[in-house]
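In what follows, every chain begins at residue 1, and chains take the letters A, B, ... in the order their sequences are listed.
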2 protein chains.
Amino acid sequence: MRLLPLLLPLLLALAARAEEPPLAIGGMGSFHVGGREAQVSGRPAREVVLVPGARPVRIDPNGTYRVEGMYAQYHHPIRRQGQVPLLLWHGGGMTGVVWETTPDGREGWQHYFLRRGWSVYVSDAVERGRAGWAMSPEIFAGEPIFLTMADPWDRFRIGPGPGSFRARAANAGSQFPTEAYDRLMAQMVPRWTTTDAAQLAAYVALLEQVGPSVVLAHAQGGLFAMRAAQIRPALVRALVLIEPSGFGESTPAALAALRGLPILAVYGDFIEQDPRWTAIRQRGTEFFALAQNAGAGVEVLDLPAESIRGNGHLMMMERNNREIAARVQGWLAERGLWAE
Amino acid sequence: MRLLPLLLPLLLALAARAEEPPLAIGGMGSFHVGGREAQVSGRPAREVVLVPGARPVRIDPNGTYRVEGMYAQYHHPIRRQGQVPLLLWHGGGMTGVVWETTPDGREGWQHYFLRRGWSVYVSDAVERGRAGWAMSPEIFAGEPIFLTMADPWDRFRIGPGPGSFRARAANAGSQFPTEAYDRLMAQMVPRWTTTDAAQLAAYVALLEQVGPSVVLAHAQGGLFAMRAAQIRPALVRALVLIEPSGFGESTPAALAALRGLPILAVYGDFIEQDPRWTAIRQRGTEFFALAQNAGAGVEVLDLPAESIRGNGHLMMMERNNREIAARVQGWLAERGLWAE
């Protein structure tokens, strides 16, 4: 009786998985890591009816809060081929969901790397998603930013700049699944611009808990990935940076910490037509030159130069997301971080 | 070469899983469902530096937002023994994380039911976790509630009421892993009290997308589970309610919709010593009497009466969480919703 479920993975895999390796998951779980306690005082208590018909509860907002932790969920493959865990760090205004199923319902990079034997950690940074957020402005200074429907379309190179969402105009040959754009917008979350130090501290705590890892980071996540690698160089075996929008520290000591670190920076299409993206990439070029001079092994994957066209800033969700993941996987294998 | 990873699940399972069935996952993914578009107007635009060193971006908060969707992640077993999917709905101030790994690092109910062949959906309700939240008070009326470190300890029967957290006093024989209490607090998230209608609408959309299911709901989730069952009775095959804090509609038509529905309500220990919990349970007793009269099949599992002692409101995370899950599993199997 117990044998049938045990044999089924084998049979299914043999029968149907000619194209993709099987999703052979041996363990999974989640946890919160990092954070601190914070105090709030001087605010009035109030009586709140939490559920219709229930007695009011006295909620006193004064006291101690647990804040600035982050959330991570892991899936371990049965046979580990990745030599260390692979941590997927999202960009600004997003959560770990960017790595899961794509807005149009295809498998994301979480699946791609799990199928190839990586232990994959998908996380939500401080303030985002399951990490939770703290009273603002008392604990999180400033106010959060919310993105309208138009913002990512216009700003992430789905369309050719301001006004393109209004016209539903996409860049020629765009790989974004525009028919599922509302599912992308459903996953966007508010962000602050005052929590960088807390986010970085939690990412460092994540690395300390998981141990030496490859970090694959998108956009704002690149800022934290580079700085975490500078703070804990022994815990980062390689960096894969998908259109990073922030960079490392450029003090001599911070740059020296990158010595020997393999770094792959990946850029999509349509950059030269947008001065903001041209400037972001230029800042990357400048930082990577400093890192290379300090002994990092920097490689830039320019997708259009490799005849991979039509990708915007959200390439991990776009139609050809597997093709791009394959380039990343190949690069990691070449660096001895993955075994056949 | 390809055979080794395929054989390993079998070998590992045969070797080591005498106690628990294997975690044989055949598919996984996530999605956002439900929600609507909302307009904001009349607010000033501002220039924001999103990442240190980058050019300012003009953020115009006026426009259309995608709001009030919810998030769900599913894992499918290779051999489905649950006759329909099992949806796990969290309580107030929490996210789907309550069903995952426990604060002290043990397997949660997500693992428990997956190992027994259920397709398990863990979700974040509107406003919580990966569902994201909307501008407030413009879109979400009122202000959010944040819980201090003391609140759940004092209010969820970990300790014996107000002041017990300050003294770190736990109820005698408490099953809560108090040494990991800060990990519980790291997973708590803000909540509003004005979003019930939006949460219910998204849960109904979830049921419509997934199809007929068993819904297992905690606390505030019980409110949505009972009302969703009344709105779409054909989509709910059974309700498991863990200390529900809200209940269904009691109009004759709403009650009639529950006819034939199996309902299991589970209550922990220490209720009689806390007037608030006594009142919540009393409201449940009254609603379940109405439901029973209308033809629902209501059963109450009173854990202390079964000599299962020490459980508070967060029983799915407590030390004996598997023992309680086994009672739920047995009840579902008896109702023909699970096949050996």
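Under the 4.5 Å side-chain criterion, counting only non-hydrogen atoms from C-beta, A/Arg55 is in contact with B/Pro275. Between A/Arg130 and B/Glu100, some side-chain heavy-atom pair lies under the 4.5 Å cut-off. Counting only heavy atoms from C-beta outward, the side chains of A/Ile280 and B/Val51 never approach each other to under 4.5 Å.
Heavy atoms closer than 4.5 Å to chain B are found in both the backbone and the side chain of A/Thr64. Heavy atoms of B/Ala219 lying under 4.5 Å from chain A are absent altogether. For a residue to count as touching a neighbouring chain, one of its non-hydrogen atoms must lie under 4.5 Å from one of that chain's; by this rule A/Pro61 touches chain B with the backbone only. Within the 4.5 angstrom heavy-atom criterion, no atom of A/Arg128 approaches chain B. Both the backbone and the side chain of A/Leu147 come within contact range of chain B, each with at least one heavy atom under 4.5 Å from a heavy atom of that chain. The part of A/Leu223 that comes within reach of chain B is its side chain, from C-beta onward, which places non-hydrogen atoms under 4.5 angstrom from that chain. Proximity to chain B involves both the backbone and the side chain of A/Pro144, based on heavy atoms less than 4.5 angstrom apart. Contacts between A/Val49 and chain B at a heavy-atom distance below 4.5 Å involve the backbone alone (N, CA, C, O). Neither the backbone nor the side chain of A/Arg80 comes within contact range of chain B, judged by heavy atoms closer than 4.5 Å. Only the side chain of B/Thr193 comes within contact range of chain A, judged by heavy atoms closer than 4.5 Å. With a 4.5 angstrom heavy-atom cutoff, A/Pro56 does not touch chain B via any of its atoms. For A/Val122, the parts lying under 4.5 angstrom from a heavy atom of chain B are both the backbone and the side chain. In this structure, chain A has a heavy atom under 4.5 Å from the side chain of B/Arg43, while its backbone stays farther away. Contact of B/Asp182 with chain A is made through backbone and side chain together, with heavy-atom distances under 4.5 Å.
Options A/Gln220, A/Met188, A/Gln187 differ in how many heavy-atom pairs under 4.5 Å they form with chain B, and the most are formed by A/Gln187. For the set B/Gly108, B/Gly93, B/Pro190, B/Gly132, the count of heavy-atom pairs under 4.5 angstrom toward chain A peaks at B/Pro190. With respect to chain A, the highest number of heavy-atom pairs below 4.5 Å among B/Asp124, B/Val189, B/Asp196, B/Val57 belongs to B/Asp124. Between chain A and the options B/Pro77, B/Gly246, B/Ala186, B/Gly63, the largest number of non-hydrogen pairs under 4.5 Å is found for B/Ala186. Annotation: maximal heavy-atom pairing with chain B below 4.5 Å, among A/Arg155, A/Met70, A/His75, A/Glu37, occurs at A/His75. Among B/Gly53, B/Ala279, B/Pro162, B/Ala54, the residue making the largest number of heavy-atom pairs under 4.5 Å with chain A is B/Gly53.
When atom types are taken as modelled, the side chain of B/Thr101 and the backbone of A/Ser30 share a donor-acceptor pair closer than 3.5 angstrom. The main-chain N or O of A/Leu50 is found under 3.5 Å from a side-chain atom of B/Arg191 such that the two form a donor-acceptor pair. Between the side chain of B/Arg66 and the main chain of A/Arg183, no donor-acceptor pair closer than 3.5 Å is present. In terms of modelled atom types and a separation under 3.5 Å, the side chain of B/His111 and the main chain of A/Met28 share a donor-acceptor contact.
Atom CZ of B/Arg166 has 12 or fewer heavy atoms from other residues, nucleotides or ligands within 6.0 Å.
The ring pair (Phe, Tyr, Trp, His ring centres under 6.0 Å) search around A/Phe146 returns B/Trp133, not counting sequence neighbours. Residues satisfying the side chain to side chain donor-acceptor pair (under 3.5 Å) test with A/Asp274, not counting sequence neighbours, are none.
Scanning all heavy atoms of the two residues, the minimum distance from A/Thr148 to B/Asp60 falls at CG2-O, 3.7 Å.
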Could you walk me through whether B/Glu143 and A/Met135 pass side chain to side chain contact (heavy atoms under 4.5 Å, CB included), step by step?
CA-CA 10 Å; B/Glu143 55 175 311; A/Met135 207 178 285; over 6 Å; no

May I have the step-by-step check of side chain to side chain contact (heavy atoms under 4.5 Å, CB included) for A/Gln73 and B/Gln73, ending in yes or no?
CA-CA 12 Å; A/Gln73 182 185 46; B/Gln73 183 185 45; 2.9 Å; yes

Test log, rule side chain to side chain contact (heavy atoms under 4.5 Å, CB included), inputs B/His32 and A/Val97:
CA-CA 10 Å; B/His32 281 74; A/Val97 173; 4.0 Å; yes

